[in-house]
Protein chains: 2
Amino acid sequence: MKIEPLVTQSLAKQISEQLREAIMSGELKADDRLPTEEELASRYQVSRPTIREALKRLAAQNLIRSRRGPAGGTFVNRPTLEEASQSLTSSATLLASMDQFSLSEIADARHEMEAICCRLAAQQPDPVQLAEMAKELAIQQQESLSDEEFCASDVRFHRALVDMSRNAMLQFLMYGVIEAMQPVANMVVYRFRDRQDVIEAHKALYQAIEQQDSLAAGVALDRLMVYLKARFEAAQQWKAEQGQSSAGQN
Amino acid sequence: MKIEPLVTQSLAKQISEQLREAIMSGELKADDRLPTEEELASRYQVSRPTIREALKRLAAQNLIRSRRGPAGGTFVNRPTLEEASQSLTSSATLLASMDQFSLSEIADARHEMEAICCRLAAQQPDPVQLAEMAKELAIQQQESLSDEEFCASDVRFHRALVDMSRNAMLQFLMYGVIEAMQPVANMVVYRFRDRQDVIEAHKALYQAIEQQDSLAAGVALDRLMVYLKARFEAAQQWKAEQGQSSAGQN
DNA sequence: ATTCCTCTATTTGTCAAACAAATAGATATT
DNA sequence: AATATCTATTTGTTTGACAAATAGAGGAAT
């Protein structure tokens, strides 16, 4: 006689799993409207709060959205690369904050992966993204730029580079990885001299890709990444020391 | 006069965001116990169902777990690489199912990224993972193996390779990417001859890494990946045709 | 004294019924 | 014809209650 483990999971969890399957399998397509909460409740033979908990689980994963009113209801979301990347970022940030991996590992992974993008980009650079990079390069040279704005432009510059890889999966991953480094990047104080160094590296990167010179692009990226990694580590150490001393003061 | 958009978000969403912040910032550490639902309700001045909805959102993201009874309650989860990779997989699968990117893009991304892992692994191969790879290699040569078991062993083989990169961030990403390809991989029917080809490539890969020959490892991986990609595309096309004809029959 | 059982208090899981708030569409008014 | 109002529908939130699991305390039997 085989004893089955019964279903001891909460009803809400089971229902949300079922709906999730339906969405993933394509049974429920983007922008499809789900039955009303009341109808779902009667169909699953549970109460409305239980249905609501199930729907909230899905909403937390950005799989559905809800609107009130007639013609309102619950609809299947079309996931965007952007949102998916953000959830990847938050996973990575969480893992990092729980010491599952270090920031230097993130930096190394980014370095390696961006090198791929560099190579792919240099193979057939796209004028649109090239123009984007040039634009950000110009922005970065404005001396009045705040540190936040400089970082934001830096992110856009690298995203344009990633876009040129013409591979959406790589984009999805890289957006997430780049984003995951922002908290540290924003901690770095860019003095005038530092910005100049970064901009020079960006320029070299831009020109190499424009000229379809993957080798030079790789070299320029290496230079930039090694430089950034050193800055990150310094910033992180500084932060650790601050934490130490302030902890000591308490 | 500036009109602020007020807070039109649902209470549950706001609360879950606040708790999420607390977890991410480290204010709430792993295995910490949250206040009871009732206490949270009174603290936030909302009803218990609202609190529950907020908690369910977090539960859906694997950030918390709940147990009934005294000494029960809601606890902060320690996220694992494994779980995070699974959520990455499901994001990727979802995006793919919604045509945000194609399976060939996933395959290409995996190819490029696994090449990185190969290079890193060959730099300083780890005996433990090498033994793991050898073990899986032996398993794959059993002729009685079912297709599913062959695929599962294939996954473990590649994961061992990825582990040798000694970079947890790359592991996290690669586990997800490899997993994202499984639905297609499982569709492929491996005839005897095909398995032999795959095993040969695995052998070459294993030996190259063992001998710290990154170049040879790269070549072996290229061979394997090109081969697999061709098989995947064939399987995918076959599936599309099946869908077409069965759709016509209905 | 030790082991086992039962009982109890605590906490999450589920339900029911109701009202609030938003909103699209119909209807009435100017 | 344009605008304002009403109404029906649907999600958002509250209250109150009971069910189910479970850790720990206390008692009974060996």
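Here is the naming used below: chain letters follow the sequence lines, and residue numbers restart at 1 for every chain. This one's a predicted model, so the numbers in the text were calculated from it and none came from an experiment.
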The ring pair (Phe, Tyr, Trp, His ring centres under 6.0 Å) partners of A:Phe172 (sequence neighbours excluded) come to none

Quiz item: Can a side chain N or O of B:Ser66 be found less than 4.0 Å away from OP1 or OP2 on C:dT11?
Solution: no

From CG of A:Leu11 across to P of D:dA20 the rounded distance in Å is 12 Å

Out of C:dA16, C:dA24, D:dT13, minimum distance to the side chain of A:Ala71 belongs to C:dA24

Determine the contact category for A:Arg67: base if any of its heavy atoms lies under 4.0 Å from a base atom, sugar-phosphate if only primed atoms, P, OP1 or OP2 are that close, otherwise nothing. sugar-phosphate

When rounded to whole Å, the CD to C1' distance for the pair A:Glu37 and C:dA16 reads 15 Å

Name the nucleic acid region contacted by A:Arg65, choosing base, sugar-phosphate or nothing; use a 4.0 angstrom heavy-atom cut-off, strictly under. nothing

To the nearest angstrom, the CG-P distance between B:Leu55 and C:dT11 comes to 14 Å

Rounded to whole Å, the OH-C1' distance (A:Tyr44 to C:dT14) equals 17 Å

### Query
With respect to the phosphate group of C:dT10, does any side-chain polar atom (N or O) of B:Thr36 fall under 4.0 Å of OP1 or OP2?
no

Whole-Å distance, A:Leu40 CG to C:dC15 P, equals 14 Å

note: B:Ile51, atom CD1; C:dT12, atom P; distance rounded to Å ~ 11 Å

Would you mind classifying the nucleic acid contact of B:Arg48 as base, sugar-phosphate or nothing, using non-hydrogen atoms under 4.0 angstrom?
base

Here the distance between atom P of D:dT13 and atom CD of A:Glu53, to the nearest Å, is 14 Å

Between A:Ala12 and A:Gly69, the residue closer to the 5' end of DNA chain C by nearest nucleotide is A:Ala12

From the candidates C:dG13, C:dA22, C:dT14, the one with an atom nearest any side-chain atom of A:Arg68 is C:dA22

* State whether A:Glu83 and A:Arg78 are salt-bridged, where the test is any N-O pair (Lys NZ or Arg NE/NH1/NH2 against Asp/Glu carboxylate O) under 4.0 Å. => no

Would you call B:Glu53 and A:Arg52 a salt bridge, taking side-chain N to carboxylate O under 4.0 Å as the test?
yes

Atom CZ of B:Arg52 and atom C1' of D:dC18 are separated, to the nearest Å, by 14 Å

| message | With a 4.0 Å limit, can you tell me whether B:Thr50 has a side-chain N or O closer than that to the phosphate oxygens OP1/OP2 of D:dT14? | response | yes

Rounded to the nearest 0.5 Å, the CG atom of A:Leu19 sits from the CG atom of A:Leu55 at a distance of 6.5 Å

When rounded to the nearest 0.5 Å, the distance separating CD1 of A:Ile64 from OG of A:Ser16 is 9.5 Å

- Task: Under 4.0 Å between any heavy atoms, over every strand shown, what does A:Lys13 touch: base, sugar-phosphate, or nothing? Just pick one.
- Result: nothing

Side-chain contact check for B:Pro70: nearest option of D:dT14, C:dT14, C:dT10 is C:dT10

Regarding the side chain of A:Ser47, the nearest nucleotide among D:dG12, D:dT14, C:dC15 is C:dC15

